[in-house]
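Structure, as structure tokens:
By convention in this document, chain letters (A, B, ...) are assigned in the order of the sequence lines, proteins followed by strands, and residues within each chain are numbered from 1.
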2 protein chains.
Amino acid sequence: MTPVAALASPRRRELVRLCWDEPRSAGELHRALPDVTFGAVSQQLKILAEAGLVSCTREGRHRIYRAQRAALGPLRRWLEAQWDDALYRLKLEAELDEARRGPAPAPRRKP
Amino acid sequence: MTPVAALASPRRRELVRLCWDEPRSAGELHRALPDVTFGAVSQQLKILAEAGLVSCTREGRHRIYRAQRAALGPLRRWLEAQWDDALYRLKLEAELDEARRGPAPAPRRKP
DNA sequence: TCGTTATTTTAGTTTATACTAAATCATTCA
DNA sequence: TGAATGATTTAGTATAAACTAAAATAACGA
């Protein structure tokens with residue numbers, strides 16, 4: 001699953017937030033989310049880990065999850081790569097938009 | 001639908017990309033995506049419009065879609081607001097992570 | 001007004017996702 | 001080794017998403 005897709009789910013965003021500032025075991029994360037089973041939490045953590053948004057290390061019989069803050073950088077860059085190379089034209093485009101919104105005559109086609 | 005959720009779908013990302021540099025009618029967008037029906041394209045465009053990622057204006061009997069590039073700004077800020085207030089601690093944290101990964105003795109609990 | 005074109009909307013279907021409950025695996029400690 | 005604990009995995013189910021096909025809407029020109 002792509003990082004954006006992983007972050008599309010409120011539940012998974014909550015999990016990332018919960019282990020953002022301090023590492024937490026799967027059990028702690030589960031206890032923080034009383035409306036859901038342990039299994040469900042584990043599944044969502046797996047998705048987040050595969051997307052690179054959290055890391056998981058063992059400590060004894062616990063598994064400690066930590067938000068991978070640095071993954072937000074690549075995520076932003078990934079979003080930017082989709083579109084933002086054109087971002088410098090933003091202000092110009094905005095003006096053009098306004099202009100085009102006015103007249104609206106000929107049915108438009110690809111140039 | 002939240003902007004991240006809207007962008008989680010590859011189909012919708014493609015649509016945004018297609019009308020990023022130049023405005024396009026729904027029909028043009030459909031023609032660029034041969035493996036899907038007109039109805040499906042229209043539905044996805046509606047989702048994108050509601051998420052604020054594209055705008056839609058009428059021109060005669062066409063509907064012209066434009067990517068709302070400026071929406072990426074708020075999206076990034078939204079992502080940042082979830083977590084990034086802690087981002088300045090990133091390098092420090094990375095070091096701590098390394099340190100913690102080594103020993104791994106006592107089962108950890110909330111402080 | 002009527003037919004044509006461009007698009008949206010609705011109803012129904014398929015596919016994917018999130019969940020529960022129960023089984024399984026791994027680690028610690030008696 | 002065996003019981004207890006902490007977590008994952010599996011199988012099955014419910015809900016949500018994406019799609020198709022067809023009907024409805026809207027604007028234009030004859």
Side-chain angles (χ1 to χ4, degrees), chain A residues 1-16 18-19 23-51 53-66 101 103-110, chain B residues 1-16 18-19 23-51 53-66 101 103-110:
Chain A
M1 195 178 278
T2 66
V4 248
L7 291 174
S9 148
R11 177 80 68 202
R12 287 192 293 262
R13 286 199 299 271
E14 196 169 16
L15 282 167
V16 171
L18 283 167
C19 63
R24 299 214 189 254
S25 70
E28 286 175 317
L29 292 168
H30 172 228
R31 268 170 256 130
L33 273 55
D35 60 328
V36 86
T37 62
F38 208 140
V41 169
S42 182
Q43 287 164 7
Q44 299 305 321
L45 286 171
K46 189 183 180 187
I47 290 171
L48 285 168
E50 282 169 0
L53 292 163
V54 303
S55 68
C56 180
T57 61
R58 288 183 106 115
E59 284 190 19
R61 41 187 155 176
H62 296 254
R63 275 175 202 245
I64 306 302
Y65 287 89
R66 327 175 132 74
R101 224 186 305 276
R108 67 169 48 251
R109 292 263 145 217
K110 279 187 246 199
Chain B
M1 196 179 276
T2 66
V4 248
L7 291 173
S9 150
R11 177 79 70 200
R12 288 192 293 262
R13 285 198 299 271
E14 197 169 16
L15 283 168
V16 171
L18 283 166
C19 64
R24 300 213 190 254
S25 71
E28 286 176 315
L29 292 168
H30 173 228
R31 266 170 258 131
L33 273 54
D35 61 326
V36 86
T37 62
F38 209 140
V41 170
S42 182
Q43 287 163 7
Q44 299 304 321
L45 286 171
K46 188 182 181 189
I47 291 171
L48 286 168
E50 282 169 358
L53 292 163
V54 303
S55 68
C56 180
T57 61
R58 289 184 105 116
E59 285 190 18
R61 35 188 160 176
H62 296 253
R63 273 173 202 246
I64 307 302
Y65 286 89
R66 331 174 128 74
R101 226 185 303 278
R108 68 166 46 254
R109 293 263 144 214
K110 278 186 245 197

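Dashed line: the shortest gap from a side-chain N or O of A:His62 to OP1 or OP2 of D:dA7 is under 4.0 Å. Checking the phosphate oxygens (OP1, OP2) of D:dG6, no side-chain nitrogen or oxygen of A:Tyr65 falls inside 4.0 Å. Checking the phosphate oxygens (OP1, OP2) of C:dT9, no side-chain nitrogen or oxygen of B:Ser42 falls inside 4.0 Å.
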Each nucleotide of nucleotides 12-30 of chain D classed B (base within 4.0 Å of a protein heavy atom), S (only sugar-phosphate) or -, in 5' to 3' order, makes ------SBB-----SBB--
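Following rounding to the nearest Å, A:Leu48 (CG) and C:dA18 (P) show an atom-to-atom distance of 10 Å. Look at CG on B:Leu33: it is 14 Å from P on C:dT7, rounded to the nearest Å. Regarding B:Glu28, its CD atom lies at a distance of 12 Å from the C1' atom of C:dA6, rounded to whole Å. Rounded to an integer number of Å, the gap from CG of B:Leu15 to P of C:dT7 is 13 Å. Rounded to an integer number of Å, the gap from B:His30 NE2 to C:dT9 P is 17 Å.
The closest donor-acceptor contact from the side chain of B:Arg12 to the backbone of B:Ala6 lies under 3.5 Å.
For B:Ala40, the side chain to side chain contact (heavy atoms under 4.5 Å, CB included) partners two or more places apart in sequence, or in a different chain, are B:Val36, B:Thr37. Every salt bridge (charged side-chain N to carboxylate O under 4.0 Å, His left out) that B:Arg11 has, sequence neighbours left out, goes to B:Asp35.
For the salt bridge (charged side-chain N to carboxylate O under 4.0 Å, His left out) condition, no pair includes a residue of residues 37-47 of chain B, sequence neighbours left out.
Separation of atoms CZ (A:Arg13) and CG (A:Leu48) is listed at 11.0 Å; rounding is to 0.5 Å. Taken from CD1 in A:Ile47 to CG in A:Leu7, the straight-line distance is 11.5 Å, to the nearest 0.5 Å.
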